[in-house]
Student: 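Below is one structure. I have some questions about it.
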Amino acid sequence: PPAALDAAPLKLEATGDRRVVFATWLTAPENPYFARAIVNRVWANFMTVGLVEAVDDMRLTNPASNEALLNALADYLKQEKYDLKKLMRLIMTSAAYQRSSTILPDNAVDRRYYSRYYPKRMMAEVLLDSISQVTGVPTDFDRESGDRRNRNLKGRGEMYPASLRALQLPDSNVYSYFLKSFGRAQRLLTCECERTDEPSMIQVLHLSNGETINEKLADPTSIAARLHKENKPAAEILDTAYLGSLTRYPSQKERTKLIAEWERTPEEERRAWIEDLYWSLLSSKEFLLNH
C-alpha cells in the first residue's frame, strides 16, 4: 500500500487525493525538516544569504550559521500554522533585516553573520516589474511571446491582461528576453541554482540600449511623456523621478547639476532629456540593487 516515509500506509481502496495526504504528512509539526527548510529559504530571500548555505544543502554536516535562530524561526512557523506572511513580517521587522549595507572596518569581511545587510540585485521578475512601475508602462507579454518565440499564440487573442506583472506569470514558458537575460529560473530542475543573479555583459548592453527601458520611456503613455506634456518645472521633474525610482529626493549636488543641464537644454530636446534622466536612474546600481 502507498505510504510516505515512516508514515502509516493508505488503504488500497482509499479514493481521496493522495497529494493531500502527502502534504499533511510533510507539514506535520513532528516533521523536524520541513519548517527548517522553508524558514531557511524565506530568510535567504530577504537576507541574501541563508542561515544554511547553500539553501538546498540541508544536512547534519552543514549546520546553520545560527542554529538557535533557525530553530526558533522554525518553531514560530509551526506555531503560526505555516503562515508565511507572518514569518515574512517577523523577519522584515527585525533589527537584522533593517541594518545598513554600509561597510564598516569591523564587518568588512563578514559574509555570513548579518552584521550588515548584504546588497543583492533584484531578481529578474521584480526588476522588470519595478521598471514597469517607474515608467508607468506595463510589459506586453503577449507581444514578446508572439513576436519572438511562441508564434502559435498569434491569432488566439490576448492571453495576458495588460496589468499582469512578471511575478504573476503562470510559468517560465512565457518568453521574455529581459527575464531570460537577468537569470529567471527555467523550472527544469528542483535546485535553487537554476536562478542566477550573476552580472553579465548581456545585461549591461540590454540596460544601456535594449528595448525594455528605452521603449517604455519612449511610449506616449510613459511618465516621461506625461511630465513633458504637463510642462512641469525642472525641480518637480527631478523630485518625481527620484522619488519614483530611488524613493529619495535628489541631493543638493545632484539637484544643482541637473537643473543647470535642464536650463541648457533646448525646448525641443527636453522630452529626450527627461527620458535620459529616467534611463540614468533605472540603470544605476542604487536602483538595481536591494541595499
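Counting from 1, the numbers follow the sequence of the chain as shown. Computed over heavy atoms, backbone and side chain alike; hydrogens, waters and symmetry mates excluded.
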Student: By the ring pair (Phe, Tyr, Trp, His ring centres under 6.0 Å) test, which pairs, at least two apart or in different chains, include something from residues 264-291?
Tutor: W262-W273

Student: Can you give me the closest heavy-atom contact between A64 and R112, atom names plus distance?
Tutor: C-NH2, 4.1 Å

Student: Between E230 and K232, does at least one N-O distance fall below 4.0 Å, as a salt bridge requires?
Tutor: yes

Student: Check the surroundings of atom CD in Q133: do more than 12 heavy atoms from other residues, nucleotides or ligands lie under 6.0 Å from it?
Tutor: no

Student: Between L12 and P2, what is the shortest heavy-atom contact and its length?
Tutor: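 Where L12 meets P2 most closely, the heavy atoms are CD2-CD, 4.1 Å.
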
Student: So, the side chain of N62 versus the backbone of M58: is there a donor-acceptor pair under 3.5 Å, distance only?
Tutor: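 Pair absent, no side-chain N/O of N62 close to backbone of M58.
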
Student: Look only at the side chain of S222 and the backbone of L217, and say whether a donor-acceptor pair between them is shorter than 3.5 Å.
Tutor: yes

Student: For the pair R36 (side chain) and N71 (backbone), establish whether a donor and an acceptor sit closer than 3.5 Å, ignoring hydrogens and angles.
Tutor: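 Answer holds: no.
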
Student: Which pairs pass ring pair (Phe, Tyr, Trp, His ring centres under 6.0 Å) with one or both residues in residues 3-23, sequence neighbours excluded?
Tutor: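 Ring pair (Phe, Tyr, Trp, His ring centres under 6.0 Å) check on residues 3-23 returns F22-W25.
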
Student: Are any non-hydrogen side-chain atoms of S101 and P119 less than 4.5 angstrom apart?
Tutor: yes

Student: Run the side-chain contact (heavy atoms from CB on, under 4.5 Å) check on T139 and D129 step by step: do they pass?
Tutor: CA-CA 8 Å; T139 300; D129 287 340; 6.0 Å; no

Student: Judged by atom type as modelled, is there a donor-acceptor pair below 3.5 Å linking the side chain of K78 to the main-chain atoms of P29?
Tutor: yes

Student: Assess the pair Y82 and F34: is the distance between their ring centroids shorter than 6.0 Å?
Tutor: yes

Student: Considering only heavy atoms from C-beta outward, does the side chain of K120 approach that of L289 to under 4.5 Å?
Tutor: no

Student: Per the side chain to side chain contact (heavy atoms under 4.5 Å, CB included) rule, which among T135, L207, L288 passes with L282?
Tutor: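 One option only clears the test, and that one is T135.
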
Student: Counting C-beta onward and ignoring hydrogens, is there a side-chain heavy-atom pair between P199 and R121 closer than 4.5 Å?
Tutor: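 Counting from C-beta outward, P199 and R121 never come under 4.5 Å.
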
Student: What residues, two or more places apart in sequence or in another chain, satisfy side chain to side chain contact (heavy atoms under 4.5 Å, CB included) together with E80?
Tutor: Y76, D83, K86

Student: Roughly how far, to the nearest 0.5 Å, is the OG1 atom of T221 from the NZ atom of K216?
Tutor: 9.5 Å

Student: Do the side chains of R255 and L238 get nearer than 4.5 Å, heavy atoms only?
Tutor: yes

Student: Check R165 with E125, please: is the shortest side-chain N to carboxylate O separation under 4.0 Å?
Tutor: no

Student: Side-chain contact test, heavy atoms from C-beta onward, threshold under 4.5 Å: evaluate it for Y249 versus Y242 and give yes or no.
Tutor: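 Sidechains of Y242 and Y249: no contact.
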
Student: Dump the intermediate steps for side-chain contact (heavy atoms from CB on, under 4.5 Å) on L73 and L90, then the final yes or no.
Tutor: CA-CA 9 Å; L73 290 173; L90 181 67; 3.7 Å; yes

Student: In terms of heavy-atom contacts, does CG of D17 have more than 12 from other residues, nucleotides or ligands at under 6.0 Å?
Tutor: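 Counting neighbours around CG of D17, more than 12 heavy atoms of other residues, nucleotides or ligands fall under 6.0 Å, so yes.
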
Student: Is M88 reachable from V55 through a run of I, L, V, M, F, W or Y residues, each pair having side-chain heavy atoms under 4.5 Å apart?
Tutor: no

Student: To check you understand the geometry: which heavy-atom pair defines the closest contact between S200 and S181, and what is its length?
Tutor: OG-O, 4.4 Å

Student: Looking only at atom types and distance, does a side-chain atom of D110 sit under 3.5 Å from a main-chain N or O of Y114, one as donor and one as acceptor?
Tutor: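 At least one qualifying donor-acceptor pair exists.
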
Student: Using a cut-off of 6.0 Å, state whether more than 12 heavy atoms not belonging to R19 lie near its atom CZ.
Tutor: no

Student: Does any N or O in the side chain of D219 come within less than 3.5 Å of the main-chain N or O of V137, such that one atom is a donor and the other an acceptor?
Tutor: no

Student: Determine whether D239 and P250 make a side-chain contact, defined as any pair of heavy atoms from C-beta on separated by less than 4.5 Å.
Tutor: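 Yes. Closest side-chain heavy atoms under 4.5 Å.
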
Student: Mind checking whether S251 and T256 have side chains closer than 4.5 Å, heavy atoms only?
Tutor: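 A side-chain contact is absent here, since even the closest heavy-atom pair is not under 4.5 Å.
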
Student: Is the shortest side-chain heavy-atom distance between P1 and L10 below 4.5 Å?
Tutor: no

Student: Mind telling me whether F182 and F178 have parallel, tilted or perpendicular rings, with 30° and 60° as the class edges?
Tutor: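 Rings of F178 and F182: parallel, as their planes differ by under 30°.
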
